[in-house]
Number of protein chains: 2
Amino acid sequence: MAKHDSLLDLLFTALGDPTRRAILTRLAQGEASVTELAAAHDMALPSFMKHLRKLEQARLITTNKAGRIRSCALSANAFAPIETWLDAQRALWTDRLDRHDDYLRNLHRRRQDEAEPEN
Amino acid sequence: MAKHDSLLDLLFTALGDPTRRAILTRLAQGEASVTELAAAHDMALPSFMKHLRKLEQARLITTNKAGRIRSCALSANAFAPIETWLDAQRALWTDRLDRHDDYLRNLHRRRQDEAEPEN
């Protein structure tokens with residue numbers, strides 16, 4: 001639980017920044033070098049590298065160095081833990097609405113029973 | 001774009017904390033008062049209230065005061081902007097895989113053509 005929680009913390013926190021989301025959107029279209037990625041952002045390289053590190057720590061991207069070129073790629077199933085969490089929330093919510101429906105149905109039935117008492 | 005971006009920032013940042021996610025999970029099961037919610041967390045009330053405010057700013061929850069009781073509820077469609085963003089990422093990724101498939105198919109066809117030249 002704690003381990004899963006901390007990955008969710010890293011994932012959601014990594015996504016809470018427009019530069020990092022833009023990097024992911026770019027990588028969804030294919031791998032890119034750090035230089036290519038950085039060119040799209042008006043930012044000093046050390047600040048840009050910090051964003052990449054946050055994405056890497058959250059396992060959203062992988063980076064790989066070949067010669068002097070460091071390239072970045074979106075991780076497979078990068079968003080899976082987030083989707084699992086959202087699905088669980090949705091299930092709780094749906095379950096709650098179902099219970100609410102049952103409650104209303106029972107209430108309706110009781111009122112009908114009261115209106116038409118057995119002879 | 002900027003406005004949408006800043007809501008996504010608030011949403012993802014709000015979700016990047018286990019206390020705030022636990023509050024949402026509790027509220028997915030039904031409304032609760034601040035007192036009830038706080039009882040589940042070993043935390044000073046002012047710190048707890050800060051978490052609630054972050055959830056409220058991200059439009060994930062609504063709060064309502066009736067008499068001396070402040071109650072909290074999960075917002076309808078609370079996660080919709082996140083789901084829209086995830087869907088858009090998935091669409092880019094799928095599109096990329098489709099293009100990759102097309103490329104491989106064309107490559108295969110060209111190789112076949114080369115192996116069996118027209119007479």
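So that the names make sense, note that chain A is the first sequence line, chain B the second, and so on, each numbered from 1. All values reported here derive from a predicted model rather than from experimental measurement.
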Q.
Run the salt bridge (charged side-chain N to carboxylate O under 4.0 Å, His left out) test against A/Glu31 and tell me which residues pass, sequence neighbours left out.
A. none

Q | Test salt bridge (charged side-chain N to carboxylate O under 4.0 Å, His left out) applied to A/Asp98 - qualifying residues, sequence neighbours left out | A | none

Q. Is there any ring pair (Phe, Tyr, Trp, His ring centres under 6.0 Å) pair reaching into residues 22-47 of chain B, and which pairs are they, with sequence neighbours excluded?
A. B/His41-B/Phe48

Q | Closest approach of A/Gln29 to B/Arg99 (non-hydrogen atoms, all atoms of both residues) | A | O-NH2, 4.1 Å

Q | Minimum-distance pair of heavy atoms, taken over all atoms of B/Arg96 and A/Ala28 | A | CD-O, 3.4 Å

With rounding to the nearest 0.5 Å, note down the distance linking [atom1] in [X] to [atom2] in [Y].
X       : Y       : atom1 : atom2 : answer
A/Thr13 : B/Asp17 : OG1   : CG    : 8.0 Å
A/Leu11 : B/Leu15 : CG    : CG    : 11.0 Å
A/Glu83 : B/Ile82 : CD    : CD1   : 11.5 Å

Q: Just give me the residue among A/Gly30, A/Ala91, A/Gly16 that pairs up with chain B most often, heavy atom to heavy atom, under 4.5 Å.
A: A/Gly16

Q) Are the side chains of B/Leu86 and A/Leu86 in touch, meaning some heavy atoms are under 4.5 Å apart? A) yes

**Q.** Heavy-atom side-chain contact between B/Arg21 and A/Asp9 under 4.5 Å
**A.** yes

**Q.** Which atoms of A/Arg20 approach chain B - backbone, side chain, both or neither, heavy atom under 4.5 Å
**A.** neither

**Q.** Proximity breakdown for A/Leu24 and chain B, heavy-atom pairs closer than 4.5 Å
**A.** both

Do [X] and [Y] share a hydrophobic cluster (ILVMFWY, side-chain heavy atoms under 4.5 Å, transitive)?
X       : Y       : result
A/Trp85 : A/Leu92 : no
B/Leu37 : B/Met49 : yes
A/Leu52 : A/Leu7  : yes
B/Met43 : B/Leu45 : yes

Q: Can you check whether anything in residues 72-79 of chain A gets within less than 4.5 Å of chain B, heavy-atom wise, and list it by number?
A: A/Leu74, A/Phe79

Q. In terms of heavy-atom contacts, does CG of B/Asn106 have more than 12 from other residues, nucleotides or ligands at under 6.0 Å?
A. yes

